[in-house]
Amino acid sequence: MSFGDVVALPSPQAAPLLLGWTLLVDGVGGRIVEVEAYTQDDAASHAYRGPTARNASMFGAPGHLYVYRSYGIHWCANVVCDEPGVGAGVLLRAIEPTHGLGRMVERRGVDDRRLLCSGPGRVAQALGLTREHDGAPLDAPPFTLQPPPAPVAVAATPRIGISSATETPWRFVVRGSAWVSRAPRRA
DNA sequence: CTTTCGATGATCT
DNA sequence: GATCATCGAAAGG
């Protein structure tokens, strides 16, 4: 399944299929291991109340980025999904660092590989994503994408850091990955 | 180990 | 004026 086919799906379907892809920005990045889906009729989503200046790119073409400022400090990046105009996205929450470790350590200011990309703010900082990348297409430079070499085992859990729809199980992690922002809720 | 809290600014009410 | 798809340091057990 191509990247274009995946991001054309509704975000709760696209999100687990984005796990295992390798995403690089100017050659720096790694394997996507944790994501969350947000939809247009989802009270926890920035798209819930319709298009605004901030979330405009969420209502644009799928396969592009929606990058926003979080808590006035961090940047967080989403992959826009579904059909154009719908307002759906998949938040990139954690990546297993594989390419350009030195560049990521430099940007993050930490040495511990575990802390490089385990969290949405950390992912954006390590990959150098900012407002400049809002609306940018992921199938063109400086981005490169590689599909998973083998099928990925996925676990679904409730999303993190939200105050609405807190039990909707739209956080998806690579089962057993040591690089996620938090261990999945135990059964 | 776990929990609490401050930073910091755009966005929305 | 309140909230916020977070992070990291500090405080508490």
Side-chain angles (χ1 to χ4, degrees), chain A residues 7 10-19 23 29-30 32-60 62 64-82 86-97 104-136 138 154-174 177-186:
Chain A
V7 298
S11 56
Q13 292 174 47
L17 295 175
L18 288 171
L19 294 176
L23 169 65
I32 299 170
V33 296
E34 177 181 352
V35 296
E36 283 177 359
Y38 290 88
T39 67
Q40 64 282 3
D41 54 359
D42 165 14
S45 172
H46 290 173
Y48 187 53
R49 291 163 205 282
T52 66
R54 174 176 68 162
N55 66 20
S57 55
M58 239 183 138
F59 291 86
H64 290 230
L65 282 175
Y66 162 47
V67 183
Y68 68 94
R69 178 89 86 171
S70 174
Y71 290 89
I73 302 170
H74 310 286
W75 296 101
C76 292
N78 293 246
V79 179
V80 177
C81 291
D82 214 315
V86 169
V90 172
L91 174 67
L92 300 175
R93 285 198 56 93
I95 282 177
E96 174 181 341
M104 290 194 261
V105 167
E106 181 185 332
R107 285 178 180 142
R108 291 273 301 112
V110 298
D111 196 298
D112 187 345
R113 283 183 180 74
R114 287 292 171 87
L115 299 178
L116 281 184
C117 303
S118 59
R122 292 164 175 169
V123 168
Q125 188 179 25
L127 272 55
L129 296 172
T130 68
R131 187 97 206 168
E132 294 175 20
H133 301 276
D134 185 42
L138 284 163
V154 176
T157 81
R159 295 173 292 183
I160 292 176
I162 53 175
S163 53
S164 310
T166 56
E167 293 305 312
T168 306
W170 283 352
R171 172 178 179 244
F172 302 93
V173 301
V174 173
S177 173
W179 305 97
V180 301
S181 64
R182 294 199 210 168
R185 182 186 279 181
R186 242 205 89 139

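Worth knowing before you read on, the calculation uses all heavy atoms, side chains too, and leaves out hydrogens, waters and symmetry mates. Throughout, protein chains are lettered first and strands after them, A, B, ... in sequence-line order, and every chain is numbered starting at 1.
Counting non-hydrogen atoms under 4.0 angstrom, A:Ile73 reaches a base of the nucleic acid. No contact: A:Arg159 has no heavy atom under 4.0 Å from any strand. Residue A:Arg54 is classed as a sugar-phosphate contact, given heavy-atom separations below 4.0 Å to backbone atoms only.
B:dT8 makes up no base pair with any nucleotide shown, lacking Watson-Crick or G-U wobble contacts both under 3.5 Å. The partner of C:dA10 is B:dT3, judged by Watson-Crick or G-U wobble contacts that both fall below 3.5 Å.
Not a single donor-acceptor contact under 3.5 angstrom links the side-chain atoms of A:Tyr71 to the base of B:dA10.
Of the candidates C:dA5, C:dG8, C:dC4, C:dC4 carries the atom nearest the A:Ser163 side chain, counting heavy atoms from C-beta on. Taking only side-chain atoms of A:His74, from C-beta outward, the nucleotide of B:dT11, C:dT6, C:dA5 with the closest atom is C:dT6. Relative to the side chain of A:Arg122, the nucleotides C:dG8, B:dT13, C:dT6 differ in distance, and C:dG8 lies closest.
Side-chain contact between A:Ile162 and A:Trp170: absent, with no pair of heavy atoms (C-beta onward) separated by less than 4.5 Å. The shortest side-chain heavy-atom distance between A:Leu23 and A:Val79 does not fall under the 4.5 Å cut-off.
With hydrogens and angles left out, the side-chain atoms of A:Glu34 and A:Ser181 include a donor and acceptor closer than 3.5 Å.
Regarding A:Phe172, its CZ atom lies at a distance of 18 Å from the P atom of C:dA5, rounded to whole Å.
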